[in-house]
Each structure stands twice: as structure tokens, then as C-alpha cells.
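We're numbering straight along the sequence, starting at 1.
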Amino acid sequence: MTDLKTLVDDYAERGEIANDRAVHSLQVHLTAVERFEGQALADKVVKHMTSFIQLLDYQKEQGFMSEQAHAALKGEAEALMGQW
């Protein structure tokens with residue numbers, strides 16, 4: 001999870017996630033997932049990661065995120081879901 005949070009920060013610093021509110025929304029989602037991971041609540045991890053991916057798609061469609069950032073974050077999110 002820390003890797004995804006760091007990746008979001010990295011893309012934000014490079015300007016590939018252009019909206020501070022978009023970055024905040026992503027980080028809030030990931031913080032919730034991190035809590036569920038710590039409690040080993042697989043169903044909640046998967047549910048929140050699914051909504052995280054939907055948020056990524058929405059932000060890309062709205063132009064808040066570059067194609068590269070979207071692809072990388074979505075790939076990492078899907079990989080994490082696969083672990084649960």
C-alpha cells in the first residue's frame with residue numbers, strides 16, 4: 001500500500017496529477033484500504049480498491065491525470081487486488 005501512496009505523490013510532484021483535490025481523494029482511499037489491510041479484511045480491501053480504480057478512471061476522463069499516471073496506478077491497484 002505504501003508503494004501506491006508514494007506513486008500517487010510522485011505523479012503529483014511531476015504534475016501528472018494536476019488537481020490537489022484529486023490527489024487528496026486518492027490518498028484518502030488508500031488510507032482506508034491500508035486500515036483494512038491491517039485488519040485482514042479482504043472483502044473491504046477489494047471493495048475499496050474497486051472504487052479506487054473507478055476514481056482513477058473518472059479522474060483520467062476529467063483530465064486531472066495523465067495517461068501514464070492512470071496506467072501505472074491502475075496496474076498497481078489491480079495487482080494489489082489480486083493479492084487479496
Side-chain angles (χ1 to χ4, degrees):
M1 182 56 49
T2 303
D3 293 342
L4 255 174
K5 290 176 101 174
T6 301
L7 202 54
V8 168
D9 287 338
D10 290 346
Y11 280 115
E13 287 175 16
R14 290 187 284 200
E16 294 197 46
I17 304 174
N19 183 310
D20 287 341
R21 288 184 4 181
V23 172
H24 178 74
S25 295
L26 294 171
Q27 293 292 15
V28 167
H29 256 77
L30 293 174
T31 298
V33 173
E34 198 168 46
R35 288 187 192 133
F36 296 134
E37 272 187 318
Q39 298 170 4
L41 298 171
D43 59 329
K44 292 197 180 259
V45 170
V46 171
K47 178 183 174 188
H48 277 74
M49 287 311 296
T50 299
S51 65
F52 179 78
I53 290 170
Q54 291 170 342
L55 180 60
L56 290 174
D57 292 343
Y58 172 78
Q59 289 185 356
K60 183 180 139 281
E61 290 169 9
Q62 297 302 308
F64 298 152
M65 175 180 302
S66 72
E67 183 71 38
Q68 180 181 356
H70 177 266
L73 292 169
K74 189 171 184 174
E76 289 294 321
E78 289 171 344
L80 179 65
M81 283 178 56
Q83 294 174 3
W84 286 91

Under 3.5 Å donor-acceptor, Q27 side chain and K5 backbone:
yes
Can you tell me how the ring of F64 sits relative to the ring of Y58, calling it parallel under 30°, perpendicular over 60° and tilted otherwise?
perpendicular
I need the E76 CD to D3 CG distance, nearest 0.5 Å.
6.5 Å
With respect to H70, which candidate in I53, I17, L56 satisfies the side chain to side chain contact (heavy atoms under 4.5 Å, CB included) definition?
L56
Nearest 0.5 Å, please: how far is CZ in F52 from CG in L73?
5.5 Å
Between the NZ atom in K74 and the CG atom in D57, the distance rounded to the nearest 0.5 Å is 4.0 Å
If you measure from CE on M49 to CG on L80, what distance do you get to the nearest 0.5 Å?
5.0 Å
Ignoring hydrogens and angles, tell me if any N or O in the side chain of Q59 forms a donor-acceptor pair with the backbone of A22 under 3.5 Å.
yes
Has R14 got more than 12 heavy atoms of other residues, nucleotides or ligands less than 6.0 Å from its CZ?
yes
Mind listing the closest non-hydrogen atom pair of V23 and A12 along with its distance?
CG2-CB, 3.6 Å
Rounded to the nearest 0.5 Å, what's the gap from CE on M65 to OH on Y11? Could you check?
10.0 Å
Would you say that more than 12 heavy atoms from the other residues, nucleotides or ligands in this model lie under 6.0 Å from the CG of D20, or not?
no
Mind checking the CZ-CG spacing from R21 to L26? Nearest 0.5 Å is all I need.
13.0 Å
Please check if any side-chain donor atom of S66 sits under 3.5 Å from a side-chain acceptor atom of K60, or the reverse.
no
